[in-house]
Structures are given as C-alpha cells and as structure tokens.
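Single-structure report; data block below.
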There are 2 protein chains.
Amino acid sequence: MAGAGQPTIDEVARLAGVSRGTASRVINGGAHVSPAAHEKVLKAIEELQYVPSRAARSLVTQRNDAVALAISDANPRLFTEHPFFSEVIVGIDTVLAESDLELMLVLGASVRERNRLRRQLSSRRVDGIMLLSLHGEDPLYELAEQADVPVVYGGKPLGVEPPHYVDADNRGGARQAVEHLVTTGRQRIATVTGPMDMDVGVARYHGFRDALGSAGLPAHRVANADFTAASAVRAMADLLDRFPDLDAVFVAADSMAAAALGVLHERGRRIPQDVAVVGFDDRATALTTHPPLTTVHQPVQALGAEMAKMLLSLMAGRPAGHADPAHAAGHPAIDVAQFTVTENECVARPVPPFQSSKPASTSISHHEFWR
Amino acid sequence: MAGAGQPTIDEVARLAGVSRGTASRVINGGAHVSPAAHEKVLKAIEELQYVPSRAARSLVTQRNDAVALAISDANPRLFTEHPFFSEVIVGIDTVLAESDLELMLVLGASVRERNRLRRQLSSRRVDGIMLLSLHGEDPLYELAEQADVPVVYGGKPLGVEPPHYVDADNRGGARQAVEHLVTTGRQRIATVTGPMDMDVGVARYHGFRDALGSAGLPAHRVANADFTAASAVRAMADLLDRFPDLDAVFVAADSMAAAALGVLHERGRRIPQDVAVVGFDDRATALTTHPPLTTVHQPVQALGAEMAKMLLSLMAGRPAGHADPAHAAGHPAIDVAQFTVTENECVARPVPPFQSSKPASTSISHHEFWR
DNA sequence: TTGAAAGCGATACCAG
DNA sequence: CTGGTATCGCTTTCAA
C-alpha cells in the first residue's frame with residue numbers, strides 16, 4: 001500500500017514529455033495527436049506498464065464497462081445440474097469478449113444475494129443487466145425495472161411482456177417433439193413438465209397440448225416437475241403409477257429425461273419398444289444416456305449470445321438492436337430460435353429430421369453455434 | 001444523462017442538514033456521530049434512495065470490493081459439459097455473498113479473453129483472483145504472478161507449487177476408487193485418465209497406479225482423455241480394442257464415465273457383470289446413468305467455498321487463513337478433501353462405504369455441503 | 001462531534 | 001494540435 005503503486009497517467013505524461021491531456025488522447029482513440037507525441041506516449045506506457053485505473057475512469061465517464069448476469073433461482077442445485085446455465089454464460093461471454101466488457105455474475109438465490117444484487121443494480125456498478133431464469137412473481141423483476149440501465153431478459157418472464165427479452169420458441173419446439181412421437185405411431189403420450197411458474201415450463205406444456213390436440217389424441221397424462229433430476233424421478237414414477245399404459249413421454253428437459261430413463265428402466269420398460277422418450281434442450285446429456293436420447297435441440301449458446309448482443313445495442317442507445325423486419329414492425333424483441341429434432345434411439349422408427357414449422361420471424365441464424 | 005441522475009452524498013448531507021463528512025461517517029461505520037445526526041442522515045438516505053457510487057469510493061479507498069474467477073480452458077465445451085465448474089461457482093458465491101464482494105467471471109479461452117483478463121488483473125479492478133483449471137505451462141500462471149493482488153489457485157497447477165491453492169486429494173481418491181474395484185475381485189483393471197497436462201489428471205492416474213501396485217496387479221491398461229465426453233468415448237473404445245479382457249474401468253470423471261458406459265453397452269458388455277465401472281467427481285451425473293454409477297464423491301462446492309475463504313483471508317492480510325495445524329507447520333495451504341466412495345450398481349458386490357484412508361491433514365469439514 | 005478542504009486518477013472542455 | 005483546469009463522488013485528515 002505504501003509501496004510503488006501503479007503508475008498514473010501523469011507519470012506517463014511526464015516521462016513522455018507531454019501534457020496529461022495529450023497522454024489521455026493517445027490512450028483513448030489517439031485522435032488529434034501528432035505522430036511524434038503519439039509515439040512517445042506509447043513508449044512511456046510500455047515502459048511504465050501503465051494501465052488506466054478503471055475506477056477513476058468510471059467516475060468521470062459514468063460508465064463501468066461491465067454488465068451483470070443475474071441468475072435468479074431459489075434452487076442452486078439447478079444451476080449445477082442443468083448445463084443450460086453454463087451454455088448461456090459461454091454464449092454471453094463470447095460476445096462480451098469482443099467488447100472489452102466485464103461480466104459480473106450474481107446468483108440470486110438467497111435473500112442476502114438478492115440484496116447484493118439490488119445494490120449492484122443501483123450503485124452504477126454495471127452498465128447493463130441480463131436476467132435469467134425468472135420465476136413467476138419474481139421480486140427481481142420489479143427490481144430490474146427500477147434500474148436505470150438497460151435490462152434484457154433471458155426467457156420471457158411469466159405473465160408479463162418486458163420490453164426486451166430473448167427467448168426460444170419453446171412452445172413450437174415442444175410441439176415438434178410431440179409431433180415426432182405421434183408420427184412414429186405413439187398413442188398414449190405423457191409429459192413431464194418443467195416448472196409451471198416459469199414461462200418455459202408453461203410454453204412447453206402448451207406445445208405438448210398443441211400437438212396432441214391437432215392429432216386428436218388425449219393430453220391428460222401430465223406430471224409436473226421443476227427441471228431438477230429428483231423432481232423428474234418423482235414425476236416419472238407418478239406417471240407410471242397413474243398411467244401404466246403410456247407408450248411415450250415428452251420430458252421438458254434432457255437432464256430430467258435422463259433421470260426419467262432410469263425410472264423407466266427400473267420399472268422394466270424397454271426403450272423405445274415399450275416407451276419412447278423425447279427430451280428437450282441440450283445435446284451432451286442426450287448422448288450419454290442409454291439409449292441415447294431423442295431430443296429437441298435448442299441453441300442455448302446462441303440464446304446467450306443474443307442476450308448479450310441485445311444488451312450491447314441497448315447500451316449503445318440503439319432501440320432494439322435488430323435489423324430484423326419482424327422486430328422493426330413494432331414487435332417486441334423476441335428471437336425465435338429454430339429447433340431441430342435430433343434423432344436418437346429413444347424413439348423408434350426415426351424419420352428424417354425436420355425444421356421448425358414456424359413460418360416467419362425466424363430470420364436470425366447463428367450457424368456458428370449450431371451443433 | 002442530463003436527467004435527474006443518482007443522488008450524491010452531498011444531497012444527502014444537505015437534506016439531512018449536516019456536512020458531507022458527517023454523512024460519510026454515518027454511511028461507513030457510523031462512529032463519532034451524534035445520534036441525532038445519525039438519524040437524520042439515515043432518513044435522508046432513505047428518502048433519496050441513496051446508494052454510494054462504487055467508482056468514486058474505489059478511487060479513494062483503492063479497493064474494489066470485487067474478485068475475479070478466471071477459468072482458463074481452451075475448450076469451452078468442458079465448461080458446459082462438466083458440472084464441476086458450476087459447482088465451484090456456487091461454492092464461491094456462497095462465501096462471497098456474505099462479504100458483499102462481487103464476482104467477475106472471466107472465461108479465458110481465447111486470446112482476446114486472455115488479454116481481457118490481463119487487463120482486469122492489472123487495472124486494479126479486482127481485489128483478488130481465483131484461477132481455476134490451469135493446464136501445464138498456462139500463460140495465466142505467469143500473468144497472475146505479476147498481479148499485485150492475492151491469487152488463489154483452484155487445483156494445483158502442474159509442476160509448480162504456488163503459495164496458495166486449494167485442492168482435493170485426487171490421488172487418494174483415485175486410489176480408493178481402484179481399491180474398491182480390487183476389493184470386489186476385479187483383476188484386469190483399466191483406466192480412462194483425465195488430461196495429463198493437469199495435476200488433477202496426473203494425480204488420479206497415480207492413484208490408479210498406487211492401488212494396483214499395492215495389490216500386485218498390472219497397471220498398463222491406460223487410455224488418455226481430457227474430461228470431455230467425446231474424448232472418453234474414444235478412450236474407452238481404444239481400451240476395449242487393446243484390452244478386450246478388461247473386467248473393470250476407473251474413469252477419472254463421471255461425465256466421462258457416463259460416455260464410457262455408452263461404449264461398453266454398444267460393445268455388448270454387461271455392467272457390472274462383465275465390466276465394473278467407477279467414476280470420479282459429482283453425484284448428479286452418476287445417478288442418471290444406467291446402471292447408476294459407482295463413484296468417488298468429491299465435495300466440489302466445498303472446494304469453491306474454500307477458495308473464496310482463502311482469498312478473503314489473504315485480502316484481509318492474514319497469512320494463509322487457516323487455523324489448521326497441518327498448515328501452520330510451514331505447510332502450503334492445501335485442503336485435502338475427504339472422499340467417499342458412493343456405492344451404486346456399477347460395481348458388483350458392494351461393500352459398506354468407507355472414508356478416506358488419509359490419516360491427518362483433513363481437519364476442515366464442510367458438512368453443510370456434503371451429500 | 002463536526003465542518004471544511006484536500007485529494008484519489010482519470011476525462012473533457014477551452015483557450016492558446 | 002496542445003496544455004491547463006474543472007470535475008466526477010467519495011473518503012479522510014485537520015482544525016475548530
């Protein structure tokens with residue numbers, strides 16, 4: 001503390017033999033500086049190993065060059081069990097890395113953490129906020145509305161329509177998954193749902209109903225779960241108790257599907273001969289189950305990347321950040337991701353993979369992330 | 001920008017009818033302030049919804065109240081596939097939440113990100129750094145040494161002994177796993193290793209050798225992998241090609257073990273009758289495989305928590321942060337976590353679970369995390 | 001116990 | 001194109 005301390009811009013300026021103003025100009029942008037001075041300042045910076053103090057800079061620029069990702073979930077186990085979160089983070093980070101923005105991670109599970117988040121939101125510590133995994137009536141929602149920085153939601157909050165969010169077409173994806181089961185001749189199709197206090201849970205459930213409805217099949221074989229493996233085990237067992245005749249299950253997340261497979265094995269069901277299973281979400285889990293899981297692929301990293309891009313646009317003052325016509329037409333900033341059913345052995349008689357049946361509004365493609 | 005703006009401490013002071021100095025004293029600590037003034041300031045803060053600017057505060061205090069977690073891995077897929085990272089993050093966050101410290105997450109995969117990290121380290125942006133998952137010769141190692149803030153390593157870097165790190169007893173855990181296989185009568189035991197440019201990979205491999213060595217069994221059935229599922233598939237297939245007679249496999253990570261199981265199934269091996277499998281690491285993956293995986297349980301969240309605690313100690317100026325006698329004796333700050341073999345169906349003839357055979361140096365217990 | 005004033009390390013404006 | 005100066009919002013010393 002009493003030691004050398006980091007070099008300041010004044011020392012740089014002195015060593016370079018220029019004024020502090022000139023040094024500053026070189027550091028940012030470098031416009032309006034003579035080549036000679038430019039050179040000298042650069043050399044001084046190099047020699048002193050100078051790095052500007054971000055605190056000082058923030059104080060005057062009123063920016064922080066940092067954004068926050070808040071993951072609001074009462075259940076930290078979900079965060080560890082569900083690769084979804086890691087993938088979103090990777091997607092976000094990919095975009096952020098290109099902008100020299102730093103990422104603050106806030107896990108909003110406990111009251112303490114929630115307070116911490118509140119403080120971060122209001123202490124001009126970050127220039128933007130991304131909110132992930134909001135449940136119904138989440139206090140974070142209100143909290144974020146009060147923030148004076150842009151907010152982007154990952155996954156539409158239940159029951160409200162925030163100005164800016166990124167979401168996948170969960171309903172359409174689920175519909176595809178179940179349609180796939182119908183196509184392969186299944187008649188008594190059940191579902192293990194996600195949490196019904198989240199839009200993602202409700203939407204996938206609706207997709208399930210959609211598909212069965214238009215196929216003229218009953219849709220009463222339903223058990224709720226909350227994306228944890230434990231809840232899926234309970235739900236699957238429950239389904240088998242109540243509907244021993246079921247011949248297929250759509251499980252609203254791969255991590256849950258893996259757990260459900262265990263229950264099915266235990267109960268002596270052969271897969272896919274007796275019961276076909278389709279999951280939803282990621283790919284890694286799907287491939288290590290036995291048999292490999294048929295699943296609807298969701299480009300989660302792209303979702304994270306899109307969140308970050310949208311936030312950057314907002315921070316830059318651009319309205320929604322999309323050249324997409326669907327959005328320009330007064331549409332809220334939703335990104336409907338394309339889904340692909342990945343055929344694996346969990347469903348008999350595979351048919352060729354097909355794309356989303358959603359007609360338009362799917363113009364944003366992130367091929368670099370897919371697969 | 002031209003709008004209201006956040007309230008400043010001056011406005012608080014004015015509204016409370018005191019000087020700025022007094023207001024500041026109330027905000028931090030509240031000592032040497034008359035009860036009357038104290039009260040008034042508090043009310044003004046409440047009324048104005050005042051939150052101090054962290055940038056301004058940092059500028060004068062020279063602290064940031066933030067720490068960084070840098071995850072250096074060239075393969076982002078690992079981060080998403082391996083629940084290990086999420087668990088460490090949760091463990092860290094649990095501790096941090098109690099200290100009002102913020103967490104910056106830096107994924108150090110690309111060159112760009114590495115530069116970003118370098119900048120963060122040297123721009124007094126964080127008060128401490130945690131480094132996770134360093135590979136051999138990782139440039140991050142040198143980088144962190146130059147940082148003028150405390151650094152804690154998660155997992156010992158290969159070949160060097162940094163002043164402060166937290167690690168689990170990977171060698172002992174692996175030894176236990178393999179001893180377990182020996183105990184159940186297996187003779188031709190193979191291993192799928194972790195990356196051999198990381199201490200964790202080498203240590204677990206040594207544990208494998210240790211156990212086979214003292215049992216008088218050969219230890220040549222080895223295939224290397226890098227913790228990804230894809231690499232495990234290759235390694236397992238390779239093992240079966242080279243040693244079709246193997247009757248057990250120790251796989252150095254559960255995520256890899258799950259993948260290996262798939263290969264074994266494919267090749268017609270019955271588990272555990274033909275081949276017994278033991279994994280290492282987490283519990284969630286272990287339970288959703290078929291059959292459920294026998295594994296060595298590692299308290300990963302505790303590891304993360306310990307990293308954070310150690311960093312906090314260092315930041316507070318305390319030498320290593322442990323009352324542990326083993327550490328007081330000039331020992332580096334290693335935390336040897338206890339391991340438990342979790343019995344599942346992947347190994348035949350289960351014996352009662354047993355604890356680590358390591359005698360001492362295991363005094364730190366995080367029972368709240370275990371199980 | 002309190003108020004006044006001096007910085008912390010940058011940026012940005014404004015004459016020169 | 002450059003140098004000086006005000007300023008960002010807070011903590012902290014120093015007198016009173």
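First the proteins, then the strands, lettered A, B, ... as listed; each starts at 1.
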Identify which nucleotide among [options] has an atom closest to any side-chain atom of [X], counting heavy atoms from C-beta outward.
{"X": "A:Ser19", "options": "D:dC10, D:dG3, D:dT12", "result": "D:dG3"}
{"X": "B:Arg25", "options": "D:dT2, D:dC8, D:dT13", "result": "D:dT13"}
{"X": "A:Ala56", "options": "C:dG3, C:dA5, C:dA10", "result": "C:dA10"}

The test is side chain to side chain contact (heavy atoms under 4.5 Å, CB included); show your working for A:Leu311 and A:Met307 and say whether it passes.
CA-CA 6 Å; A:Leu311 189 62; A:Met307 286 175 68; over 6 Å; no
If you measure from [atom1] on [X] to [atom2] on [Y], what distance do you get to the nearest 0.5 Å?
{"X": "A:Lys40", "Y": "A:Leu42", "atom1": "NZ", "atom2": "CG", "value": "12.5 Å"}
{"X": "B:Thr22", "Y": "B:Ile27", "atom1": "OG1", "atom2": "CD1", "value": "10.5 Å"}
{"X": "A:Ile92", "Y": "A:Thr94", "atom1": "CD1", "atom2": "OG1", "value": "9.5 Å"}
{"X": "B:Phe79", "Y": "B:Leu132", "atom1": "CZ", "atom2": "CG", "value": "9.5 Å"}
{"X": "A:Met130", "Y": "A:Leu96", "atom1": "CE", "atom2": "CG", "value": "5.5 Å"}
{"X": "A:Tyr153", "Y": "A:Ile129", "atom1": "OH", "atom2": "CD1", "value": "9.0 Å"}

Report yes if some heavy atom in the side chain of [X] is under 4.5 Å from a heavy atom in the side chain of [Y]; otherwise report no.
{"X": "A:Leu312", "Y": "A:Ser99", "result": "yes"}
{"X": "A:Ser133", "Y": "A:Phe85", "result": "yes"}
{"X": "B:Thr8", "Y": "B:Glu11", "result": "yes"}
{"X": "B:Val88", "Y": "B:Val300", "result": "yes"}

Describe, as an angle rounded to 10 degrees, how the axis at the first end of the helix from C:dT1-D:dA16 to C:dG16-D:dC1 is tilted relative to the axis at the last end, five pairs per end.
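Result, rounded to 10 degrees: 40°.
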List in numerical order all residues of residues 32-40 of chain A for which some heavy atom is under 4.0 Å away from an atom belonging to DNA chain D.
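Close to the strand are A:His32, A:Val33, A:Ser34, A:Ala37.
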Quick one, which residues of residues 43-54 of chain B touch DNA chain D with a heavy atom under 4.0 Å?
B:Tyr50, B:Pro52, B:Ser53
In whole angstroms, how far is the [atom2] atom of [N] from the [atom1] atom of [X]?
{"X": "A:Arg63", "N": "C:dA10", "atom1": "CZ", "atom2": "C1'", "value": "12 Å"}
{"X": "B:Arg20", "N": "D:dG9", "atom1": "CZ", "atom2": "P", "value": "11 Å"}
{"X": "A:Asp10", "N": "C:dC8", "atom1": "CG", "atom2": "P", "value": "9 Å"}
{"X": "A:Arg57", "N": "C:dC8", "atom1": "CZ", "atom2": "P", "value": "19 Å"}
{"X": "B:Leu59", "N": "C:dA10", "atom1": "CG", "atom2": "P", "value": "9 Å"}
{"X": "B:Gln62", "N": "C:dG7", "atom1": "CD", "atom2": "P", "value": "15 Å"}
{"X": "B:Ile9", "N": "C:dA4", "atom1": "CD1", "atom2": "C1'", "value": "14 Å"}
{"X": "B:Asn64", "N": "C:dC8", "atom1": "CG", "atom2": "P", "value": "17 Å"}

Specify the residue among B:Thr22 and B:Val60 whose closest nucleotide of DNA chain C lies further upstream toward the 5′ end.
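Nearer the 5' end of the strand: B:Thr22.
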Quick one: does B:Ser24's side chain have a donor or acceptor within less than 3.5 Å of a partner on B:Arg20's backbone?
no
Would you say A:Thr61 places a side-chain N or O within less than 4.0 Å of OP1 or OP2 belonging to C:dT11?
no
